[in-house]
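This report refers to the structure that appears directly beneath it.
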Amino acid sequence: MTQYKRYTITAALPYVNGHKHIGHLAGAYLPSDVYARYLRLMNRDVVFVCGSDELGTPITIQALKENLSNQELVDKYHQISKEVFEKLDISFDIYYRTSDPLHIETAQEFFLKFYQEGKFQEVETMQYYDESMDMFLADRYIQGICPNCQSDKAYGDQCESCGKSLDPTDLINPKSTVSGNTPILKSTKNWYLPLDNYEEFLQKWLIEGKKSNWKSNTYGQAKSWIDSGLQPRSMTRDGKWGVPVPLEGYPDKILYVWFDAPIGYISATKKWASDKGVDWKPYWQSEDTKLVHFIGKDNIVFHTIIFPVMLHAHGDFILPTDVPANEFLNLEGKKMSTSRAWSLEMTEYLNDFPEQTDELRYMLLSVLPEQKDSDFSWQDFQLKVNSELVAIVGNLVNRVTVLLFKYYSGEVKFHKSCSELQGFLKTQKEKISQAIEDYKFREALTELIQIARHGNKLLTENEPWKLIKTDPEKTQIVLYDCLELILNFGILAQPFLPKSAQKIFSMFHLVAPISWDEVGNENLIKSNLIIAPTALLFNKIEDNIIEAQILKLNAKTQSIMANENSKNQIQEDLTINSKPEVSYEDFDKLNLVIGTVKAIEKVEKTDKLLKLSVAISGEIRTIVSGIALHFTAEDLLEKQVLVLENLAPRKIRGIESQGMLLFAEDQGKLIRIAPTDSVSNGSSVS
RNA sequence: GGCGAGGUAGCUCAGUUGGUUAGAGCGUCGGAUUCAUAACCCGGAGGUCAGGGGUUCAAAUCCCCUCCUCGCUACCA
């Protein structure tokens with residue numbers, strides 16, 4: 001269907017700072033595996049690469065948490081990931097790791113070439129530096145008080161409590177998480193890739209070139225980034241756990257993980273090629289190669305903009321042909337979250353259902369978030385397994401083998417299959433091929449099941465259990481047709497259900513892989529063949545299994561949340577204790593008064609801001625407060641509130657705010673503070 | 001608020017060069033059947049395609065407005 005001579009298929013490198021869940025599987029690994037398996041069965045030249053992304057700051061943070069060295073941590077999770085993918089039959093040609101020396105070398109070559117050709121901009125910026133540890137602090141190594149929600153759990157890049165993304169210099173009272181000391185600002189040099197210089201290239205290659213053949217979600221998001229104007233982006237960081245910057249005099253500089261990680265695809269290909277004794281270059285540098293990146297939507301910008309710009313700037317490389325990005329998979333209607341334990345990790349599934357990997361593959365493929373976020377529910381899982389895999393596929397195989405053994409002791413009598421059946425198989429094969437090439441895996445799966453449905457229909461229509469009494473010869477033909485459907489189902493099922501496909505082949509004394517071209521080949525079923533009796537292809541999943549999983553999920557998330565709450569409690573206690581002692585003079589500077597809210601309006605074009613008019617003594621103060629999510633106008637109108645009267649005025653959204661309203665906060669909810677009996681406006685609080 | 005993606009049957013979702021009667025699976029109801037893991041097969045019911053307006057001989061599909069969901073992003077003394 002295409003003119004490509006070879007295919008380079010990549011699946012997003014899992015960042016090995018923890019266990020990966022089924023959302024990751026559905027997002028990148030399963031679709032890419034189906035695609036790669038299909039192409040191999042088409043006898044195409046394919047390399048399918050993936051590997052652990054093992055560098056960067058979050059690794060070091062997780063290592064501290066688990067009390068392991070960086071290397072021990074990545075070794076641990078690399079091993080787990082590798083095994084999990086093997087068990088789920090994800091058929092990577094190589095599962096690599098970015099801590100490999102070959103990768104370091106490859107990434108450094110990239111960097112050096114850019115450096116020597118003047119493709120970087122050297123920029124000096126001020127960064128936090130921990131003098132006691134003699135190191136610059138990456139964002140995650142700085143903790144302080146969030147300027148937004150006052151939580152003291154805010155990191156340099158984001159507040160864990162309110163989720164606001166931050167710049168390290170936004171933090172109040174920043175501390176180094178390494179030493180606990182207050183860091184100083186110090187000048188540092190980094191190398192920036194001026195993405196804005198490549199807008200013309202992106203305009204032509206992506207905006208114009210990919211408009212009609214990329215999925216709307218991928219294209220839309222990439223276009224949105226380009227349209228909003230690209231900025232130079234630093235391709236280096238201060239740190240030690242990463243690819244060292246290959247320049248003299250910068251021992252503490254490493255490459256930004258998003259610079260080196262996608263290069264990992266290339267390093268992985270190099271390693272695979274050298275192990276195999278072939279040349280890696282055509283897979284990345286030849287125009288007749290199709291390069292496809294399978295990713296989740298969180299990686300779109302890196303795979304559609306930054307990495308292509310890198311490849312383009314380098315000059316020797318081809319660009320990705322397709323970037324089929326999937327949306328997210330929810331679990332029981334809610335977004336998966338590792339920190340809230342609302343997730344199904346691949347290791348958990350394998351532990352509970354070690355023999356049912358095809359069932360998971362089937363379920364996930366049938367709900368792949370191809371167009372929009374989709375949902376995995378245990379009930380749905382049970383339904384899909386029981387009413388499709390068991391009732392349609394497994395049942396067909398069972399029906400046919402039972403009849404065959406009953407009437408013919410399992411021996412196949414050869415008959416030429418009818419042309420109608422041949423036509424049907426050919427049609428399904430074409431439909432499935434086309435769907436896979438269009439990355440419509442759900443559709444492909446539906447067409448696959450049609451083959452088994454057809455078999456059940458043949459049986460019901462011809463009733464061989466009756467026919468055997470009147471027309472033994474016709475009975476043989478019907479059963480032969482059914483066997484042919486089963487075998488061909490197996491061939492076409494190989495990309496989706498590899499274990500089940502092999503089970504089917506075993507009945508016919510055949511071994512996978514069987515090429516796509518063999519669909520409809522009558523010589524595969526030998527005359528007078530004795531079918532090997534098989535166990536049931538799929539087993540029903542009973543209600544209690546599903547109930548147990550749902551209970552387990554709820555228990556898991558509740559215990560984590562309880563844990564979190566107690567941690568929060570400790571954190572809050574710490575907040576109280578961690579504030580420095582103040583003198584009476586300091587306290588006396590604050591003028592706290594009671595006022596009454598006289599008018600409220602929402603600040604235009606904001607979600608959280610309310611503009612309030614508050615009466616204190618003789619005057620009306622205008623105060624802007626970020627509380628619109630907690631209170632409506634009715635809640636506060638004519639109510640008394642606690643006001644910090646002498647706070648320096650500040651303009652917010654063009655309105656001068658003359659004071660500050662004080663509220664009690666409990667678990668993120670704001671509660672109004674007011675005297676128990678009404679007092680006159682302006683009454684002081686001391 | 002800005003940007004992106006969605007809103008189609010009870011549920012999960014397909015469906016764009018605009019074109020008969022809007023589809024599938026599951027569920028539901030009815031029928032048929034017993035070879036089979038109470039499974040399979042046939043049939044029915046079920047939709048103002050989020051709402052409104054426009055373009056057109058013709059709109060789920062193109063344009064405009066509004067509402068809702070998700071993601072990114074902005075304001076938060």
Side-chain angles (χ1 to χ4, degrees), chain A residues 146-150 162 164-165 172 212 215-225 227-228 297-298 300-301 325 327-328 330 335 366-377 379-380 382-384 386-407 435 440 442-443 445-447 449-450 452-468 475 478-479 482 535-542 603-610 623-629 644 647-655 657-662:
Chain A
C146 174
N148 179 33
C149 70
Q150 314 304 321
C162 68
K164 183 179 170 61
S165 67
I172 300 164
S212 56
K215 292 207 294 194
S216 58
N217 62 345
T218 317
Y219 180 82
Q221 199 171 325
K223 185 170 184 295
S224 153
W225 271 78
D227 288 349
S228 61
K297 70 173 165 185
D298 48 340
I300 288 177
V301 64
E327 300 284 303
F328 286 156
N330 292 328
K335 192 182 157 131
S366 72
V367 297
L368 237 37
E370 289 173 344
Q371 309 288 337
K372 55 185 174 188
D373 291 356
S374 67
D375 193 44
F376 176 99
S377 83
Q379 283 195 359
D380 212 18
Q382 181 188 26
L383 201 67
K384 287 252 156 63
N386 288 358
S387 64
E388 293 176 27
L389 287 180
V390 172
I392 297 180
V393 181
N395 191 30
L396 172 68
V397 173
N398 193 35
R399 293 172 85 177
V400 174
T401 48
V402 165
L403 290 170
L404 203 67
F405 274 92
K406 202 164 175 178
Y407 303 145
K440 292 177 179 173
R442 298 165 63 133
E443 187 182 318
L445 202 61
T446 305
E447 294 301 338
I449 296 299
Q450 290 303 327
R453 286 185 200 280
H454 193 82
N456 281 315
K457 198 184 258 189
L458 268 187
L459 284 179
T460 306
E461 282 171 1
N462 291 293
E463 302 181 302
W465 48 93
K466 284 184 182 167
L467 207 58
I468 187 77
T475 309
V478 171
L479 289 183
C482 286
L536 293 173
L537 213 51
F538 301 103
N539 290 299
K540 289 189 73 164
I541 294 176
E542 302 298 335
V603 179
E604 287 286 314
K605 299 181 179 180
T606 67
D607 293 336
K608 297 184 184 170
L609 296 186
L610 289 180
I623 298 177
V624 177
S625 189
I627 54 173
L629 296 180
L644 176 57
L647 185 72
R650 174 159 167 174
K651 267 200 174 181
I652 301 168
R653 278 278 160 168
I655 304 162
S657 180
Q658 306 152 324
M660 179 174 175
L661 297 185
L662 304 179

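Every chain is numbered from 1, with letters handed out A, B, ... down the list of sequences.
Only the P atoms considered, B:rG51 is 13 Å distant from B:rG10, to the nearest whole Å. Nucleotides B:rG25 and B:rU21 are separated by 22 Å at their P atoms, to the nearest Å. Spacing of P atoms, B:rC67 relative to B:rA24, comes out at 35 Å, to the nearest Å. A distance of about 39 Å separates the P atoms of B:rG30 and B:rU69, rounded to the whole Å. To the nearest whole angstrom, the two C1' atoms, one in B:rU20 and one in B:rU66, are 33 Å apart. Distance noted for atom C1' between B:rA77 and B:rA60: 50 Å (whole Å). For the C1' atom pair drawn from B:rG27 and B:rG44, the interatomic distance equals 15 Å after rounding to whole Å. Taking atom C1' in both B:rA14 and B:rC75, the straight-line distance is 41 Å, to the nearest Å.
The nearest whole Å value for the distance from the CG atom in A:Asn330 to the P atom in B:rC11 is 17 Å. One interatomic measurement links the two molecules: CG of A:Leu445 to C1' of B:rC26, which rounds to 14 Å at whole-angstrom precision. Spacing between atom CG of A:Leu383 and atom C1' of B:rC11 amounts to 10 Å, rounded to whole angstrom units. To the nearest angstrom, C1' of B:rU12 lies 11 Å from CD of A:Glu388. With rounding to whole Å, A:Arg442 atom CZ is found 10 Å from B:rG25 atom C1'. When rounded to the nearest whole Å, the span between NZ of A:Lys440 and C1' of B:rA14 equals 9 Å.
The pairing partner recorded for B:rA45 is none, the criterion being a Watson-Crick or G-U wobble arrangement whose two distances lie under 3.5 angstrom. For B:rU33, there is no paired nucleotide, since no Watson-Crick or G-U wobble pair has both relevant distances below 3.5 Å. Pair check for B:rC57 finds B:rG19; Watson-Crick or G-U wobble, both atom distances under 3.5 Å. When Watson-Crick and G-U wobble pairs are counted only if both distances are under 3.5 Å, B:rC70 pairs with B:rG4. B:rG10 and B:rC26 make up a base pair, with Watson-Crick or G-U wobble contacts both under 3.5 Å.
Scanning for side-chain hydrogen bond (donor to acceptor under 3.5 Å, both in side chains) contacts around A:Asn217 gives A:Glu327, with sequence neighbours left out. For A:Glu370, there are no salt bridge (charged side-chain N to carboxylate O under 4.0 Å, His left out) partners at least two apart in sequence or on another chain. A:Glu388 meets the side chain to side chain contact (heavy atoms under 4.5 Å, CB included) test with A:Tyr362, A:Lys384; sequence neighbours excluded. The salt bridge (charged side-chain N to carboxylate O under 4.0 Å, His left out) check on A:Lys223 picks up A:Asp227, with sequence neighbours excluded. Applying the side chain to side chain contact (heavy atoms under 4.5 Å, CB included) criterion to A:Thr218, with sequence neighbours excluded, gives A:Trp214, A:Lys215, A:Ile300, A:Thr304, A:Val323, A:Ala325. For A:Lys335, the side chain to side chain contact (heavy atoms under 4.5 Å, CB included) test picks out A:Phe328, A:Asn330, with sequence neighbours left out. Partners of A:Asn386 by side-chain hydrogen bond (donor to acceptor under 3.5 Å, both in side chains), not counting sequence neighbours: none found. With sequence neighbours excluded, the residues that form a side-chain hydrogen bond (donor to acceptor under 3.5 Å, both in side chains) with A:Arg399 are A:Asn456. Applying the side chain to side chain contact (heavy atoms under 4.5 Å, CB included) criterion to A:Val402, with sequence neighbours excluded, gives A:Asn398.
When the nearest nucleotides of RNA chain B are assigned to A:Thr446 and A:Ser224 by heavy-atom distance, the more 5′-ward of the two goes with A:Ser224.
By the 6.0 Å contact criterion, CD on A:Glu463 is enclosed, its count of non-hydrogen atoms from other residues, nucleotides or ligands being greater than 12.
Among the atoms of the strands shown, none is found under 4.0 Å from any heavy atom of A:Ser366. Across all strands shown, A:Glu443 has no heavy atoms under 4.0 Å from either base or sugar-phosphate atoms.
For the atom pair CG (A:Leu368) and NZ (A:Lys440), the distance works out to 13.5 Å, reported to the nearest 0.5 Å. One distance of note links CG of A:Leu403 with CG of A:Leu467; it measures 11.0 Å at 0.5 Å rounding. Annotation: the span from A:Leu404 atom CG to A:Thr475 atom OG1 amounts to 11.5 Å, rounded to 0.5 Å.
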With the criterion being N/O to N/O and under 3.5 Å, what pairs connect the protein with nucleotides 67-72 of chain B, and how long is each?
unit_1: B:rC70; atom_1: O2'; unit_2: A:Asp373; atom_2: OD2; d: 3.2

Give me the distances for all protein-to-nucleotides 6-10 of chain B N/O pairs that come in under 3.5 Å?
unit_1: B:rG6; atom_1: OP1; unit_2: A:Ser216; atom_2: OG; d: 2.9

Using a cut-off of 4.0 Å between protein heavy atoms and nucleotide atoms, how would you tag nucleotides 28-43 of chain B 5' to 3' with B, S and -? ------SBBB-SSSS-
